[in-house]
Each structure stands twice: as structure tokens, then as C-alpha cells.
Amino acid sequence: MSSIRIATWNINSVRLRIDMVLRFLDEYKPDALCLQETKSPDGLIPTAAIEAAEYGHIHKAGMKRYNGVAIIANRPLQDPEIINHCGKEDCRHIAATLADGPEVHSIYIPAGGDEPDREVNEKFGHKLDFVNSLADWFPRYRKSSNDIVAVGDFNIAPLETDVWSHKQLLKVVSHTPIEVEHLDNMQAAFNWQDAVRQMIPPEEVLFSWWSYRSRDWAASNRGRRLDHIWVTQPMGDKVTNAEVLKPARGWEPKPSDHCPVLIDVES
DNA sequence: ATGGTTGGTTACCAA
């Protein structure tokens, strides 16, 4: 039985952390790695090093300073697309089909600023609108009976066990009821299965991100699960493994504040 | 209540 491995990682600058990308590819050998926050114009992404690591197939949408998504694969990526939402070309959503495999989407949902009120914080409104746009996009342009994987930094931790304190984060952007409601609606609109929570029970506390703003991220352990892997239903039953690679949060010399998340799927 | 750190870029903005 052969298997496909798909990973996602908010890398927080692909140029600064290209060595960590190569380390991840070497140690975990995903068939496709989806990156977010590459923070690099397309021409400046160090593709030569990635290609030398035998990941010769790269689809990317990058811009100066902000955002940026990529898909790195060890086999051809067919029908590459860049998808825009909310009338912006801000490099948050790309897709391509892995040869003899599923269609893969790398998504970076806006963080949403500090104030969870769209009347006073337009970034929060943009976040909610972006999730709504994704909820509309998939049923409009795709069939949920096809093999499709949507991964990325969704910037929302939906479950009580996805945050270090449900009570203390109810009014903190990423875990407010309105955001969770929007994400739940997007999930239901295409019958997405949360592949990670399917393998790691919802009762279990699980984080994929720890802020830089703490003296000792591991000791304080105030994390959130912001990074997700969703699959369509025919695929859901074939997921055999899901992992959040917490050790990468401590990778020297300068870790990303997110760790990689991966799944294995029978193919 | 507040401040804490990081990356890209180069005066702060976004996270």
C-alpha cells in the first residue's frame, strides 16, 4: 500500500529559514509541502536550493513584505492557480494538483488585527469576509466528491482544546465565537473533514503555534492550534496518520512561531 | 491593564 504525505508550515520568511525548509524536507520527506508567510517576491524565493533537494516542482505566489504562499512537491504540480479573495491580490491562496494525487490548496487566512470588532477594525472584517469567500469558492468551483486537500494557517483555533485557555481567549482574535462560527460554516459548506482531529481526538490539547512574545514558549505553553489540514470525504477515510511537529518550534537558530503539520493518506 | 518578540524593510507595519 503506498501513501501520500502532505504537510503545511507557516515559515515566517522562506528566505530567512530556507535551511529549515530543507531540513524538514530531508527528515520528513513530504510529497507536498505547503508554505505560508513566505514574505518574498517570487523572483527572490531560493528555488535552486529546493530543487537541489529533489523537490523540483514549485508553485508560488509571493509579494514584498507580507503574506505569500507556496507549494513544494517531489512530482509535477498540474493546473497551478492563484486564487484571489475580497478583491485583493494579496497572495493568500494557491492551488495545484499533485500528479496521481489530490488537488492541494495552500491558504493563509488574514490574522485579523487585535480588536475583534469589524466596526472599529477593518482587518477583522477582512478576516471574516475572507473566510466567507472561501466558504463560497469551494462549492462554486469544485466538487466535494473529488480528492481535495485544503491546508494552511487559518489563524483560527476552533475547539476549546485548541487553545491554552478557552475562557481567557474568548475575546482574543483567533478564538472568538464569531470567527469559530465562520470557520464552522466554511467547513460545513464543502463537507470538509478535519484530518488532524480525526486522528488526534478533540479531547486532547493540541497546539501548532506559540507566540514569540514569551520568555520561554515551552514552559508557559500558551499555544493555539491555528494550522489545519482539511480533506474531502472520500479521502477522509484514507487518512492513516496526523502529526504536529512540536520540536520544530525549537529548531535552532531561529524557529518559526508555527510548527509544521502533516498527514499521511493511503493512495 | 500592559508588554512581551520577530521579520521585512528601512520608517514602522503586521503578526
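Just so we're on the same page: letters track the sequence lines, and every chain starts at 1.
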Checklist entry - Taking only residues two or more places apart in sequence or in another chain, which ones pass ring-ring contact (aromatic ring centres under 6.0 Å, His included) with Phe154(A)? => result His228(A), Trp230(A)
Between the protein and nucleotides 13-15 of chain B, which nitrogen or oxygen pairs come in under 3.5 angstrom?
from, atom 1, to, atom 2, distance (Å)
dA15(B), N6, Arg213(A), NH2, 2.5
dA15(B), N1, Arg213(A), NH2, 2.8

Item to check | By side chain to side chain donor-acceptor pair (under 3.5 Å) - contacts of Glu27(A) (at least two apart) | outcome: Arg23(A)
Checklist entry - Which residues, if any, of residues 173-181 of chain A bring a heavy atom under 4.0 Å of DNA chain B? => result none
Next on the checklist: Whether Lys254(A) contacts dG7(B) is assessed here as follows: a side-chain N or O lying under 4.0 Å from the phosphate OP1 or OP2. Is that the case?
Outcome noted: yes
Item to check | Plane angle bin for His126(A) and Phe130(A) - parallel if under 30°, tilted between 30 and 60°, otherwise perpendicular | outcome: perpendicular
Item to check | Distance flag, aromatic centroids of His105(A) and Phe138(A), threshold under 6.0 Å | outcome: yes
Checklist entry - Expressed as a whole number of Å, how far does the P atom of dT2(B) sit from that of dT6(B)? => result 23 Å
Next on the checklist: Once you apply a heavy-atom cut-off of 4.0 Å, does Arg215(A) come out as touching a base, just sugar-phosphate, or nothing?
Outcome noted: nothing
Checklist entry - Do any pairs count as a side-chain hydrogen bond (donor to acceptor under 3.5 Å, both in side chains) and have a residue in residues 180-189 of chain A, sequence neighbours left out, and if so which ones? => result none
Next on the checklist: From CG of Leu44(A) over to P of dG7(B), roughly how many Å is that when rounded to an integer?
Outcome noted: 18 Å
Next on the checklist: Distance check, C1' atoms only: dT10(B) and dA14(B), in whole angstrom units.
Outcome noted: 15 Å
Checklist entry - Can you tell me how far C1' in dA15(B) sits from the matching atom in dG4(B), rounded to whole Å? => result 13 Å
Checklist outcome for this item: The side chain to side chain donor-acceptor pair (under 3.5 Å) partners of Thr176(A) (sequence neighbours excluded) come to Glu179(A)
Item to check | Partners passing side chain to side chain donor-acceptor pair (under 3.5 Å) against Asn191(A) (at least two apart in sequence or in another chain) | outcome: Gln193(A)
Checklist entry - When all nucleic acid strands are considered with a 4.0 Å heavy-atom cut-off, which category describes Arg222(A): base, sugar-phosphate, or nothing? => result nothing
Item to check | Distance between P atoms of dT5(B) and dT9(B) (Å, rounded) | outcome: 23 Å
Checklist entry - Which range-with-range stems can be found for DNA chain B when each stem has 3 or more Watson-Crick or G-U pairs in a row and both distances sit under 3.5 Å? => result B:5-8 with B:12-15
Checklist entry - Quick one: salt bridge (Lys or Arg N to Asp or Glu O under 4.0 Å) partners of Arg249(A), sequence neighbours excluded? => result none
Next on the checklist: Suppose we screen for side chain to side chain donor-acceptor pair (under 3.5 Å). Which residues come up paired with Ser40(A), at least two apart in sequence or across chains?
Outcome noted: Arg15(A)
Checklist outcome for this item: Residue pairs passing the ring-ring contact (aromatic ring centres under 6.0 Å, His included) test with at least one member in residues 20-63 of chain A, sequence neighbours excluded, are Trp9(A)-Phe24(A), Phe24(A)-Tyr28(A)
Extract all donor-acceptor atom pairs below 3.5 Å that involve side chains of residues 207-214 of chain A and protein atoms in other chains or at least two apart in sequence.
from, atom 1, to, atom 2, distance (Å)
Ser208(A), OG, Leu226(A), N, 3.1
Ser208(A), OG, Asp227(A), N, 3.1
Ser208(A), OG, Asp227(A), OD2, 2.7
Trp209(A), NE1, Asp257(A), OD2, 3.2
Trp210(A), NE1, Asn221(A), OD1, 2.9
Ser211(A), OG, Arg213(A), N, 2.8
Tyr212(A), OH, Asn12(A), ND2, 3.1
Tyr212(A), OH, Arg17(A), NH2, 3.3
Tyr212(A), OH, Pro255(A), O, 2.9
Tyr212(A), OH, Asp257(A), N, 3.1
Ser214(A), OG, Trp217(A), N, 3.4

